[in-house]
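Quick caveat: nothing in here was measured; it's all calculated off a predicted structure. All chains are named by letter (A, B, ...) in the order of the sequence lines, taking the proteins before the strands, and each is independently numbered beginning at 1.
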2 protein chains.
Amino acid sequence: MLRATADILYRDGIHAVTYDEVARRSGVAKTTIYRHFPSRNQLLVAAVDGSTATPLIPDNGNLRDDLRDFLRAILPMFLNDDLRAMSLELMAAAARDPELQDLHRANVRARIGPLSTIFKRAKDRGEIDPDLAYVDAFDFIEGPLIVRSLLYPDKLDDLDIEITVDRILRVLSP
Amino acid sequence: MLRATADILYRDGIHAVTYDEVARRSGVAKTTIYRHFPSRNQLLVAAVDGSTATPLIPDNGNLRDDLRDFLRAILPMFLNDDLRAMSLELMAAAARDPELQDLHRANVRARIGPLSTIFKRAKDRGEIDPDLAYVDAFDFIEGPLIVRSLLYPDKLDDLDIEITVDRILRVLSP
DNA sequence: GTATAACGCTACGAAGCCGTAGCGACGATT
DNA sequence: AATCGTCGCTACGGCTTCGTAGCGTTATAC
């Protein structure tokens, strides 16, 4: 049921998530879905909550390698057109409907979690400007990948992780 | 007609753009819309093309001030929930439908144009690492704003433009 | 064995959208 | 004055979704 919802969300987009369609693909009766999720938003939230996988947390003992591993790990997510479309649709839906803001927030937190760990460890080692808040740091760590994937998705392959990490470090270091 | 389409796109989202709805709001007969735009995609492309405004191009003679002015100029666009939602929906649509990729590309080019001018002038003045491609530079210039608006839209106000420019310059300078 | 709860199935009226057809009105061209 | 092109209006059949109702089936608990 939630699996079918997540599948539709991924393949056909958020507008294709209807009670009828979920019933069709999941093999569950439409009435049953209504009994569990009286509103479409609840169904969406539950489906997204149940399908958020947290990426691995690298621990190499130094910031540079951790960042490289992290960017490498999440790069495939940006290369996937359907996945990118789904994320964009979810964020757009959250921007339009306050009810879905928590959904988006949880989704982001799951994706950002590992980065937070990396960041804290590096800060303890003195590799990061002590005045730099982690929110501001994320802007520059995820920024390049996101911008690249949004504005120039076809040039995403050209992005050199090593060089990008160098540039990120310019911003983060004390 | 195109104005009505752009308006729907902005207010209610891309899913709300239907022939019936455009006819209703524009006062134009549905058949007439079909005569001009046989497919919905053509209508979308025309509407977006006709409503892309290019921001001002600052020219202060130095990169720092130009960047500051530019970021200040585009910040309000990110603060607008509907506008952000619309952009996200357009990008999502482009990711799903190849026919709409040009639409997105044109939209991006209009928004990025001024940045390109700023970038070239700064490079001529020697304020930018000569090995740095402009595509890579954009990742770090627009990145912070975009990431902030996507992941933490409620903390967008906290973003200090001056400090952000400082950090961007760390990446761009030779 | 029986009560309770959950599920499946069918069907419904209302609403919206699609794409097209038919017909009349208007204005410009020539 | 006649012609051509464009537009408006109405209406249609087909399709999908919504949210609910009614009723039968299954399984678990006690």
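The side chain to side chain donor-acceptor pair (under 3.5 Å) contacts involving residues 165-174 of chain A comprise A/Arg64-A/Asp166, where partners must be two or more places apart or lie in separate chains.
The NZ atom of B/Lys120 sits 14.0 Å away from atom CZ of B/Arg125, with the distance rounded to the nearest 0.5 Å. Atom CG of A/Asp49 sits about 9.5 Å away from atom CG of A/Leu2, to the nearest 0.5 Å. Remark: B/Leu145 CG to A/Asp139 CG distance equals 8.5 Å, nearest 0.5 Å.
The two residues B/Ala137 and B/Leu132 have their closest heavy-atom pair at CB-CD2, 4.1 Å.
Within the 4.5 Å cutoff, side-chain heavy atoms of B/Arg84 are placed close to those of B/Pro153. Using a 4.5 Å cut-off on side-chain heavy atoms (C-beta onward), B/Ser116 and B/Phe138 make contact.
Partners of B/Phe70 according to the ring-ring contact (aromatic ring centres under 6.0 Å, His included) rule, which considers only residues two or more places apart in sequence or in another chain, do not exist here.
Side chain of B/Glu127 to main chain of B/Leu63: a donor-acceptor pair is present (N/O by atom type, distance under 3.5 Å, no hydrogens or angles).
Taking the 5' to 3' direction, DNA chain D first and last meets chain B under 4.0 angstrom from a heavy atom at D/dC7 to D/dC9.
Contacts of residues 34-41 of chain A with DNA chain C (heavy atom under 4.0 Å): A/Arg35, A/His36. Listed by residue number, the members of residues 16-29 of chain A with any heavy atom below 4.0 angstrom from DNA chain D are A/Thr18, A/Tyr19, A/Asp20, A/Arg24.
In the helix from C/dG1-D/dC30 to C/dT30-D/dA1, the end axes, each obtained as the rotation axis mapping the C1' atoms of four pairs onto the next four within a five-pair block, lie 10° apart to the nearest 10 degrees.
As rounded to whole Å, 14 Å separates atom P of C/dC17 from atom CG of B/Leu43. Taking atom CD1 of B/Ile33 as the reference point, atom P of C/dC18 lies 10 Å away to the nearest angstrom.
Using a 4.0 Å cut-off between charged nitrogen and carboxylate oxygen, B/Lys30 and B/Asp20 count as a salt-bridge pair. Taking a cutoff of 4.0 Å between a charged side-chain nitrogen and a carboxylate oxygen, B/Lys155 and A/Asp136 do not qualify as a salt bridge. A salt bridge does not link B/Arg3 with B/Asp7: none of the charged nitrogens is closer than 4.0 Å to a carboxylate oxygen. Salt-bridge check for B/Glu162 with B/Arg72: passed, with a basic side-chain N closer than 4.0 Å to an acidic carboxylate O.
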